[in-house]
Amino acid sequence: MKSVYEILRAKRDGKELSREEIAFLVAGVVSGEVPDYQAAAFLMAAVIRGLSTPEMAALTEAMRDSGDSWDLSDLAPVVDKHSTGGVGDKATLVLAPLVAAAGGRVGMMSGRGLGHTGGTLDKLAAIPGFRTDLDLPRVRRALTEVGAALFAQTDTVAPADRKLYALRDVTGTVESLGLIVASILSKKLASGTTGIVFDVKTGNGAFLKTVPESRALGRALVDTSRAAGREASGWITDMSRPLGRAVGNALEAEESILVLRNEGPPAVRELCLVLGADMLRFAEPALSEPDARRRLEEAFTSGKAAERFAKLVEFQGGDPRVVEDPSILPQPKSRIPAAAPRSGFVRSIQTEKMGFLSIDIGCGRRKREDDIDFAAGFLVEKTVGDRVEKGEPLAILCLGERPAPRPSFERELADLFEIGDEPAAPPALAIEKL
Ligand code: URA
């Protein structure tokens with residue numbers, strides 16, 4: 001067996017690593033024998049050189065087997081959704097109670113922010129008291145009593161991903177099809193859910209920015225899950241603009257509540273109907289797609305989805321009054337408009353850059369140990385295709401505890417919007433079913 005040093009050199013030089021070499025490396029990452037700097041060197045070599053299909057499969061398996069695998073088969077079907085990451089993507093907060101209210105059982109193991117994208121765990125942590133550190137018995141109770149559970153990876157489920165995910169977040173090593181597949185699937189397969197819907201983001205705010213790249217990622221996720229005995233489906237969805245109006249943890253928690261109360265932005269609602277219908281049909285295979293959609297719409301309009309969220313929040317230690325009164329979430333200390341420098345039509349938004357700007361004000365981490373400023377974020381007032389007049393806000397900069405990191409930061413925010421004379425057609429939301 002090669003030493004870690006030799007494995008790193010081999011990957012650096014574009015050689016294919018064997019299953020044993022990858023397993024050895026992953027075991028060392030988890031035990032601590034492979035220090036962070038060697039793990040980070042491997043990640044960078046993997047991003048630059050790419051991972052072959054056998055390497056990706058070996059990495060997925062080694063990461064999955066780095067800890068416990070939960071067995072939820074007695075509660076099956078337990079359905080799940082996983083997004084490849086975006087800006088303003090709060091779909092998980094809506095989908096878990098929505099699909100549960102419509103009759104499915106939903107278990108979702110979620111992550112913290114990664115790169116320029118926000119993480120579900122950080123959004124949930126904005127809700128006072130909400131805990132995501134559930135152990136298996138508690139997840140099982142949530143699934144039976146509430147019909148939904150939203151939880152973090154425990155120390156013992158896919159610990160290799162936990163460690164590598166945190167390192168990738170701060171070492172510029174996120175954008176790799178192989179690393180994304182291994183990261184997502186190691187924890188999904190270990191978490192015991194039986195049906196998974198993948199929301200593969202595409203566009204300038206996604207990790208993989210073109211439809212062909214996103215399609216390849218989606219196919220790898222769906223096919224590998226099916227090969228591992230899970231039901232799986234996938235959608236390529238638009239991330240060339242932020243999803244909905246809110247970007248930032250408490251703002252996104254609030255927007256999710258508005259969507260659950262049937263008051264939120266149509267794009268978030270529509271995405272949840274598309275993904276939720278697939279989730280519900282894993283739970284009830286006899287249901288047609290239009291019937292699944294109708295069931296979900298009814299859960300929105302009857303108030304059952306919002307009620308279920310209150311139940312879920314309460315079960316997980318949070319304050320359920322947040323559903324009636326989202327003002328109990330951390331509130332911005334100031335709101336500064338980012339004004340349009342000219343009149344015209346919004347032609348595009350630099351979405352990835354918006355994600356990075358959101359980190360600058362405290363929505364995410366630059367270093368693993370950084371704290372989040374939950375109240376901070378942006379409200380996107382105009383999106384692609386909208387008409388805007390000079391001086392009207394394109395977005396609102398919401399500052400929490402921290403001051404703006406640079407003078408005229410709101411100008412940087414406004415500069416992300418390309419304004420032209422001709423109207424631009426807004427891109428389709430659900431681009432392709434895999
Ligand atoms: N979500 C994950 O869990 N991992 C990735 O690498 C990207 C998105």
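Indexing begins at 1, ligand by ligand and atom by atom, following the structure's order. All figures in this text were calculated on a predicted structure; none of them were measured in a lab.
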Can you confirm whether [X] sits close enough to [Y] that some side-chain heavy atom of one is under 4.5 Å from a side-chain heavy atom of the other?
{"X": "Leu217", "Y": "Glu213", "answer": "no"}
{"X": "Asp89", "Y": "Thr117", "answer": "no"}
{"X": "Val29", "Y": "Phe42", "answer": "no"}

Please could you name the atoms of ligand 1 that Thr84 approaches to less than 4.0 Å, counting only its heavy atoms?
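Those of ligand 1 that fall under 4.0 Å from Thr84 are 7 (C), 8 (C).
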In terms of atom number and element, which parts of ligand 1 are under 4.0 angstrom from non-hydrogen atoms of His82?
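Once the distances to His82 are compared, the set is 1 (N), 2 (C), 3 (O).
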[atom]: the protein heavy-atom neighbour that sits closest, reported with distance to 0.1 Å:
{"atom": "atom 4 (N) of ligand 1", "result": "Ser183 OG, 2.7 Å"}
{"atom": "atom 7 (C) of ligand 1", "result": "Leu114 CD2, 3.5 Å"}
{"atom": "atom 3 (O) of ligand 1", "result": "Lys187 NZ, 2.7 Å"}

Does any N or O in the side chain of Ser69 come within less than 3.5 Å of the main-chain N or O of Asp65, such that one atom is a donor and the other an acceptor?
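Judged by distance alone, no pair lies under 3.5 Å.
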Reported CZ-to-CG distance for the pair Phe378 and Leu394, which is rounded to 0.5 angstrom:
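So the CZ of Phe378 and the CG of Leu394 are separated by 13.0 Å.
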